[in-house]
Visitor: 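Quick one: the structure is below, questions incoming.
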There are 2 protein chains.
Amino acid sequence: MSIRILLVDDHPVVRAGLRALLSGFEGMTVAAEAADGAAALKELDRLQLLGEPADVVLMDLQMGTGMDGVAATTRIRSREAAGEPAPPVLILTTYDTDADILAAVEAGASGYLLKDAPPDQLRAAVLAAAAGRTALAPEVAARLLDRIRHPQPALSPREVQLVELLATGLGNRAIARQLFISEATVKTHLVHIYAKLGVDNRTAAIAEATKRRIIRAQ
Amino acid sequence: MSIRILLVDDHPVVRAGLRALLSGFEGMTVAAEAADGAAALKELDRLQLLGEPADVVLMDLQMGTGMDGVAATTRIRSREAAGEPAPPVLILTTYDTDADILAAVEAGASGYLLKDAPPDQLRAAVLAAAAGRTALAPEVAARLLDRIRHPQPALSPREVQLVELLATGLGNRAIARQLFISEATVKTHLVHIYAKLGVDNRTAAIAEATKRRIIRAQ
DNA sequence: GCCGGAATCCACCAAATGGTTGACGCCGGG
DNA sequence: CCCGGCGTCAACCATTTGGTGGATTCCGGC
């Protein structure tokens, strides 16, 4: 009775890699693959019908196309209430952004790994997830702890949204139009943001937000 | 006589995936793997000593640790002059950023693929590279053509320096002090930078410079 | 030897941004 | 039930930024 895994990633190369690595481990089988969240939900049902439901979902958080990882995680976890199988979801992604991690954890993910993780970290995480335990990559755990130790005044969701638009290079007026609020409100938000980030202008706010991984610069 | 490939990528998962995919193709063998550019050069020499030099190098452009892809490509391609084996370099990466593509091509890469490419595109590209031909992903080719149609003026070294400080969040006065120039000069530089980047304010300049990989956001 | 680009500087004016104070409705925790 | 945080808006003012049109030096290429 091997651990049955559902792979969800939009990169064929990564799927092949995970399949190769996982099937090399004792007691693990890749039961199915999906390229995005929607396909993942379908596969989950299909496996259920076959009488061999997935034990763990291993999923990328950001997928270029289709339903994204956070949404998919929420959907999968919420199946429990309906009496359907809701396997633990393990996130495997490239970035360790605060916002991403938090979103994943809130959505009910039971682990968060980085793609450059060594294979045995991957193995350990899958085992932990299958056993109902939680597994965070050291880097991710460190980041969460750091959060707790140095409680940085958190930006409100609205403020994060502002910062994202800031980083786009939009002016206050343009931001106001985007969000359907007045320019005055934008300025108020900015003042709050500056205070929370400990800066005094918009470019510094972007720099600080990037450093704190509140936003991601590609 | 199979095509011998050297894999260079810092993600174990991706290496495993490429290895799995490539060894599934007729006439291709993964001769060795490396996690960064420095290791790749060592492997190249090692394979040479074994009497079975690599025919193609398949490399990620951005590597978190160690020598990066562009540097490695330059080094590999420049071996030809020394009479050492200089196999064609195929870039396989996540982003299709203008600056990245250009840097890779200038460094002598003979192909540029995206990681979400379907396996047979990968296969075709490796075959092309081994045959001494060039292979660009359609998206990449389109981007290059666009570049040629709309040539983008390059920033001068001094201007790049300005942009770097800009992204730090410094004001004009602070930048002027940092560079030991007058505030007026800073403003002049900024006007030039805006013109070259096609923007009209400093935050947009940062966004654009980041997008073009003129500066790197951590 | 002339031309152009890079880098430096100045002045002036218009516009955007930042800082302050005050205000309102909503919601959730103590 | 009251307080505090969030999100919204307004008016006012100081500062910073952006835009324009010059000017100078230095350098390298044609």
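By convention in this document, chain letters (A, B, ...) are assigned in the order of the sequence lines, proteins followed by strands, and residues within each chain are numbered from 1.
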Visitor: Does C/dC9 have its OP1 or OP2 closer than 4.0 Å to a side-chain nitrogen or oxygen of B/Thr185?
Guide: yes
Visitor: In whole angstrom, what separates A/Ile193's CD1 from C/dG19's C1'?
Guide: 15 Å
Visitor: Quick one: A/Glu183 CD to D/dC9 P, roughly how many Å, whole number?
Guide: 12 Å
Visitor: Is the shortest side-chain N/O distance from B/His189 to OP1 or OP2 of C/dT8 below 4.0 Å?
Guide: yes
Visitor: Using five pairs at each end of the helix from C/dG1-D/dC30 to C/dG30-D/dC1 to define an axis, what is the angle between those two axes, to 10°?
Guide: 40°
Visitor: Say you draw a straight line from CG of A/Leu61 to CG of A/Leu113; how long is it, rounded to the nearest 0.5 Å?
Guide: 12.0 Å
Visitor: Starting at CG of B/Leu179 and ending at P of C/dA6, how long is that distance when rounded to a whole Å?
Guide: 17 Å
Visitor: Expressed as a whole number of angstroms, how long is the span from A/His192:NE2 to D/dG5:P?
Guide: 10 Å
Visitor: Once you round it to whole Å, what is the distance between P of D/dT16 and CG of A/Leu190?
Guide: 17 Å
Visitor: Is the shortest side-chain N/O distance from A/Asn201 to OP1 or OP2 of C/dG18 below 4.0 Å?
Guide: no
Visitor: If you measure from CD on B/Glu183 to OG1 on B/Thr188, what distance do you get to the nearest 0.5 Å?
Guide: 11.0 Å
Visitor: Are B/Asp200 and B/Tyr194 close enough that some pair of their side-chain heavy atoms sits under 4.5 Å apart?
Guide: no
Visitor: Quick one: NE2 on A/His189 to OG on A/Ser156, what's the gap to the nearest 0.5 Å?
Guide: 7.0 Å
Visitor: Tell me the interatomic distance from B/Ile181, atom CD1, to D/dT24, atom C1', rounded to whole angstroms.
Guide: 16 Å
Visitor: Only one of B/Arg15, B/His11, B/Lys115 forms a side chain to side chain donor-acceptor pair (under 3.5 Å) with B/Asp60, so which one is it?
Guide: B/Lys115
Visitor: Are A/Lys196 and D/dC6 close enough that a side-chain N or O sits under 4.0 Å from OP1 or OP2?
Guide: yes
Visitor: Output the single nucleotide from D/dG19, C/dG19, D/dT16 whose closest atom is nearest the side chain of A/Lys187.
Guide: C/dG19
Visitor: Atom CD of A/Gln161 and atom C1' of D/dT8: how far apart are they, to the nearest Å?
Guide: 14 Å
Visitor: For A/Tyr194 and C/dG18, is the shortest distance between a side-chain N/O and OP1 or OP2 below 4.0 Å?
Guide: yes
Visitor: Does D/dT16 have its OP1 or OP2 closer than 4.0 Å to a side-chain nitrogen or oxygen of A/Arg202?
Guide: no
Visitor: Under the criterion side chain to side chain contact (heavy atoms under 4.5 Å, CB included), which of B/Leu166, B/Leu179, B/Ile175, B/Val191 is the partner of B/Val186?
Guide: B/Ile175
Visitor: Could you measure the distance from the OG1 atom of A/Thr134 to the CG atom of A/Leu90? Nearest 0.5 Å is fine.
Guide: 9.5 Å
Visitor: Name the nucleic acid region contacted by A/Ser182, choosing base, sugar-phosphate or nothing; use a 4.0 angstrom heavy-atom cut-off, strictly under.
Guide: sugar-phosphate
Visitor: Using a cut-off of strictly less than 4.0 Å, decide whether A/Thr188 has a side-chain nitrogen or oxygen near OP1 or OP2 of D/dC9.
Guide: no
